[in-house]
Amino acid sequence: AAGLKVANEVFADRAYAEDGSLVPRSMEGAMIEDVNQALHQVKQMVNEGSVTSFSGKIIPIVADTVCIHGDQRNAVLFARKIKEVLAGSGKALMERN
């Protein structure tokens, strides 16, 4: 309403609940630690506008930016691989430290 531009942020390394919220970190599997699983999730969110929830339900999502948590032990690897996948898809990339 104020005319501000917004960007919808999605998370490469977090599991989603059916309501679109993030699964609490206290739950087993809330953090995605497998790079291939993260890549699949990012491609689905960016290319298809959906994410598969923790329970397996496909839910709509808008992905303008992709976040990778710095405390993720594979954060650097995730960032490199996600950059490769998105660059190869023709998506615009803007890096932020």
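Everything numeric in this text was worked out from a predicted model, so none of it was measured.
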- Mind checking the CG-CG spacing from Asn47 to Leu86? Nearest 0.5 Å is all I need. 8.0 Å
- Message: Any non-hydrogen side-chain atom of Leu22 less than 4.5 Å from a side-chain atom of Tyr16?
- Response: yes
- Query: So how far is it from Ile82 CD1 to Leu77 CG, rounded to the nearest 0.5 Å?
  - Reply: 9.0 Å
- Identify the heavy atoms of Gly29 and Ala15 that sit nearest to each other, and give their distance. O-CB, 3.6 Å
- Side chains of Thr65 and Val10 in contact at under 4.5 Å (non-hydrogen atoms): no
- Message: Between Ser53 and Glu18, does the side-chain hydrogen bond (donor to acceptor under 3.5 Å, both in side chains) criterion hold? Intermediate values first, please.
- Response: CA-CA 5 Å; Ser53 73; Glu18 285 188 13; 4.5 Å; no
- Got a second to check how far Asn8's CG is from Asp64's CG, nearest 0.5 Å? 4.5 Å
- Message: Taking ring pair (Phe, Tyr, Trp, His ring centres under 6.0 Å) as the cut-off, I'd like each qualifying pair that reaches into residues 63-89, sequence neighbours left out, listed once.
- Response: Phe11-His69
- Query: Hey, what do you get for CD (Glu9) to CD1 (Ile61), rounding to the nearest 0.5 Å?
  - Reply: 10.5 Å
- First locate atom CD1 of Ile32, then atom CD1 of Ile68, and finally report the distance between them rounded to the nearest 0.5 Å. 11.5 Å
- Is the closest basic N to carboxylate O distance between Arg25 and Asp71 below 4.0 Å? yes
- Message: Tell me the closest heavy-atom pair linking Ala30 and Pro24, and the distance in Å.
- Response: CB-O, 3.1 Å
- Message: Measuring only between side-chain heavy atoms, which start at C-beta, is Val46 closer than 4.5 Å to Val66?
- Response: yes
- Query: Tell me, which pairs form a side chain to side chain donor-acceptor pair (under 3.5 Å) where one or both residues lie in residues 35-45, sequence neighbours left out?
  - Reply: Gln44-Ser50, Gln44-Thr52
- Considering only heavy atoms from C-beta outward, does the side chain of Asn74 approach that of Val35 to under 4.5 Å? no
- same_hphob_cluster(Val85, Val42) at 4.5 Å side-chain heavy-atom cutoff: yes
